[in-house]
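Keep in mind that this is a model prediction, so the values were computed, not measured.
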Amino acid sequence: PSQATPAAFQSVFDEVTRAGDSAVVITLASQFSGTYQSACIAAEDYENIYVVDSRTAAIGSGILAEYALRCAEQGMEAGALAALLKKKREDVRLFALLDTLEYLRRGGRIGAMAATVGTMLDLKPIITENREGKLVSSDKVRGRKAALRLIADKAAENIDDPAQAMTIILHADAPEDAARLEAMLRERVPELGEIQTYYVGPVIGAHCGPGTVAICFFGKERPC
């Protein structure tokens, strides 16, 4: 589907205003979609609407939304929440295991030769976000079990304030491996708080393919 238009946002903003409320809008990264720009255009005439560029996508935007809900439930007002989210987005950490390189090939992300060699060697690419918020390959690991262990290790090393941590695991038709990843992480970080698990949506799933397992959390300095 196409991105939301300014008019679509304005309709919602009118409802919020009539109800006497304020709103914080968290969008996909502006580098991925024009949704942020549409929301900003619509919000220009409203003093009670705040738009935040998540500078990430999918699970990264999701964890910011979960965090925002937690803050709102604690009584934080919209302006302060928007300012906090603009700081908190820099702490979002993501590691994703792709089961195959084939879907990256179909999307033009890698060449056919690289995909063929990767499949022959049973290489499992690990994707992360760099300091500019771009998705990059951090590792290629031979074998799925080894790749899951590596993700668990990286998450355990980077999770900030484990007892209060907000952690999300996402998977594309791989519930067993999602459960394995959670067990590995809890073994490494026994004091870790709640972990939420969700399915990958169809749009992201079309790019990463079945078998993808990802983890997202608020952490320390980005690895690359």
Side-chain angles (χ1 to χ4, degrees), residues 1-94 96 103 106-109 127 129-130 132-135 165-173 178 194-210 212 214-218:
S2 60
Q3 68 192 40
T5 64
F9 277 111
Q10 187 173 14
S11 176
V12 176
F13 296 167
D14 283 342
E15 292 183 17
V16 171
T17 301
R18 285 195 296 269
D21 291 331
S22 298
V24 177
V25 181
I26 303 171
T27 73
L28 295 176
S30 55
Q31 62 179 317
F32 301 147
S33 168
T35 302
Y36 171 72
Q37 185 64 27
S38 291
C40 287
I41 292 171
E44 286 180 353
D45 297 328
Y46 300 85
E47 295 182 355
N48 59 326
I49 304 296
Y50 302 85
V51 183
V52 177
D53 179 354
S54 72
R55 294 186 180 171
T56 184
I59 189 173
S61 298
I63 199 169
L64 280 175
E66 292 280 358
Y67 182 78
L69 285 173
R70 179 185 291 182
C71 292
E73 288 170 355
Q74 294 172 355
M76 184 175 291
E77 63 94 21
L81 176 55
L84 177 59
L85 290 174
K86 290 177 182 178
K87 295 180 180 179
K88 198 67 177 176
R89 67 189 176 190
E90 304 301 326
D91 299 332
V92 173
R93 302 292 176 267
L94 166 69
Y103 291 85
R106 293 181 186 180
R109 302 292 183 177
I127 305 299
E129 281 187 340
N130 64 14
E132 287 73 44
K134 296 180 180 179
L135 295 177
M166 180 177 291
T167 309
I168 296 177
I169 292 176
L170 207 65
H171 70 89
D173 199 25
E194 179 186 5
I195 298 178
Q196 301 178 48
T197 301
Y198 300 106
Y199 279 94
V200 172
V203 174
I204 299 299
H207 292 283
C208 64
T212 295
I215 186 168
C216 189
F217 54 90
F218 294 114

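The shortest heavy-atom contact between Ile26 and Ala65 is CD1-CA, 3.8 Å. Taking every heavy atom of both residues into account, Ala68 and Leu85 meet most closely at CB-CD1, 4.0 Å. In this structure, Thr35 and Ala4 approach most closely via the heavy-atom pair OG1-N, 4.3 Å. Scanning both residues, Ala96 and Ala214, for their nearest heavy atoms gives CB-CB, 3.7 Å. Scanning all heavy atoms of the two residues, the minimum distance from Ala172 to Val200 falls at N-CG2, 3.7 Å. Residues Tyr67 and Leu84 come closest through the heavy atom pair OH-CD2, 3.5 Å.
Expressed to the nearest 0.5 Å, how far NZ of Lys86 lies from CG of Leu64 amounts to 12.5 Å.
Every pair passing ring pair (Phe, Tyr, Trp, His ring centres under 6.0 Å) that includes a residue from residues 3-30 is listed here, sequence neighbours excluded: Phe9-Phe13, Phe13-Tyr46.
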(message) Between Cys216 and Thr167, does the side-chain contact (heavy atoms from CB on, under 4.5 Å) criterion hold? Intermediate values first, please.
(response) CA-CA 6 Å; Cys216 189; Thr167 309; over 6 Å; no

(request) Might you work through the side-chain contact (heavy atoms from CB on, under 4.5 Å) test for Arg89 and Thr56, ending with a clear yes or no? (result) CA-CA 8 Å; Arg89 67 189 176 190; Thr56 184; over 6 Å; no

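Salt bridge Glu129/Arg55: absent, no basic N to carboxylate O contact under 4.0 Å.
In terms of the ring pair (Phe, Tyr, Trp, His ring centres under 6.0 Å) criterion, Tyr36 has no residue partners (sequence neighbours excluded). Under the rule for a ring pair (Phe, Tyr, Trp, His ring centres under 6.0 Å), the partners of Tyr199 that lie at least two apart in sequence or sit in another chain are His171.
By the 4.5 Å heavy-atom criterion applied to side chains, Glu194 and Gln196 are counted as neighbours. Side-chain atoms of Ile168 and Ile215, non-hydrogen and from C-beta on, never get closer than 4.5 Å to each other. Between Phe218 and Lys88 the shortest side-chain heavy-atom distance falls below 4.5 Å.
Under the 3.5 Å distance criterion, the side-chain polar atoms of Ser54 are matched with a main-chain donor or acceptor of Thr27. Looking at Asn48, its side chain does come within 3.5 Å of a backbone N or O of Asp21 through a donor-acceptor pair. Of the possible polar contacts, none joining the Ser33 side chain to the Ser30 backbone as a donor-acceptor pair under 3.5 Å is found.
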